[in-house]
*Asks:* 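One structure follows; several queries about it will come next.
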Amino acid sequence: MQNHTDCILDLESQVPHVKFKKWQDDPHMKHCFTTKLGGVSEGEWASLNLGFNRGDGEGNVLENYKRVCHMLEVPFESLILSRQIHETHIEEVTLKDVGNGIHSPNKWESVDGIYTGERGLTLVTHYADCVPLFFYASKYGMIGMAHAGWRGTVGGIGKKMIEIWHNKHHIPLEEIQVGIGPSIGPCCFEVGEEVARVFIEKFGHVNFITKNIRNEKYYIDLWACNEKILVDAGIKQEQIAKAEMCTCCQSDIFYSHRKTQGKRGTLGAFMYLK
Ligand SMILES: [Zn+2]
């Protein structure tokens with residue numbers, strides 16, 4: 001068990017995973033962020049690969065999902081998978097979407113964010129260095145997740161989720177709790193001039209976008225970028241938990257696209273309303 005400020009890495013579980021402390025004993029909601037440990041896949045996918053599109057055997061991936069469901073105590077039949085393409089479209093999902101992307105073909109073309117107010121659905125989003133954003137309004141029975149890679153971060157997908165919940169579903173901003181999960185950290189997210197310029201245009205010259213004088217490369221703190229977007233959208237800092245775990249530094253525990261140059265499996269973020 002690794003104890004971080006806002007989260008716990010449970011390595012003793014049969015399916016090792018990360019959880020946010022503020023939600024770990026929540027009576028109405030279950031969540032987790034998986035690691036690469038505890039599954040049946042082999043080789044570059046070893047072992048808990050949750051991506052059907054990585055070249056791994058379908059039977060292995062299905063078994064890995066079953067293991068996560070068993071650990072979380074959620075029905076395998078209740079899974080709904082997103083369709084992430086680094087854009088910022090967010091979809092409200094309901095009972096009619098159950099099985100999407102796993103028990104039936106993925107019917108979406110572009111869904112980087114999903115949310116629901118219905119109980120009994122298990123929402124799943126996918127990662128391998130990109131930032132997982134978790135959203136929860138317990139009083140309003142609403143859960144959601146957004147995939148924020150660098151494009152989704154610059155596109156403000158976190159703000160978009162907040163706006164939908166606030167404007168369309170009338171959830172007060174102070175009732176929305178957010179978790180920023182494990183992803184590539186400021187230690188490892190090195191980008192060239194072109195990408196850096198996009199960030200500087202969006203965020204200005206801030207201390208979480210730094211230039212290393214020696215190698216002329218920029219380092220970007222995607223956690224801070226997403227936090228800033230959320231704070232600007234009206235979410236207070238105390239409503240935001242940050243895992244602050246780097247998937248690239250800890251590539252023995254997490255799949256990291258950058259570290260492996262793409263030879264990797266896929267991690268999953270899960271949320272379920274009881
Ligand atoms: Zn790192």
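As the structure lists them, so they are numbered: ligands from 1, and atoms in each ligand from 1.
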*Asks:* Can you run down the salt bridge (Lys or Arg N to Asp or Glu O under 4.0 Å) pairs that involve residues 223-239, sequence neighbours left out, and say none if there aren't any?
*Replies:*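 Found Glu227-Lys242, Lys228-Asp232.
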*Asks:* Determine which pairs satisfy salt bridge (Lys or Arg N to Asp or Glu O under 4.0 Å) with at least one residue from residues 196-216, sequence neighbours left out, and list them in order.
*Replies:*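 Applying salt bridge (Lys or Arg N to Asp or Glu O under 4.0 Å) to every pair that reaches into residues 196-216, excluding sequence neighbours, yields Glu193-Arg197, Lys211-Glu216.
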*Asks:* Considering non-hydrogen atoms only, spot the tightest contact between Ser256 and Ser251 and give its length.
*Replies:*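 Looking at all heavy atoms of both residues, the shortest contact is CB-CB, 4.3 Å.
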*Asks:* For residues 144-165, which residue pairs pass the salt bridge (Lys or Arg N to Asp or Glu O under 4.0 Å) check, not counting sequence neighbours?
*Replies:*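 Counting only pairs at least two positions apart or across chains, the salt bridge (Lys or Arg N to Asp or Glu O under 4.0 Å) contacts touching residues 144-165 are Lys159-Glu163.
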*Asks:* Please give me the protein atoms (N, O or S only) lying under 2.8 Å from the Zn ion (ligand 1), ordered by chain and number.
*Replies:*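 Listed by chain and number, the nearby protein N, O or S atoms are Cys187 SG, Cys188 SG, Cys246 SG, Cys249 SG.
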*Asks:* Quick one: do the Tyr136 and Asp26 side chains pair a donor with an acceptor below 3.5 Å?
*Replies:*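 Yes, a side-chain donor-acceptor pair sits under 3.5 Å.
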*Asks:* Side chains of Phe254 and Leu267: does their closest heavy-atom pair fall under 4.5 Å?
*Replies:*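 In short, these two side chains touch, coming nearer than 4.5 Å.
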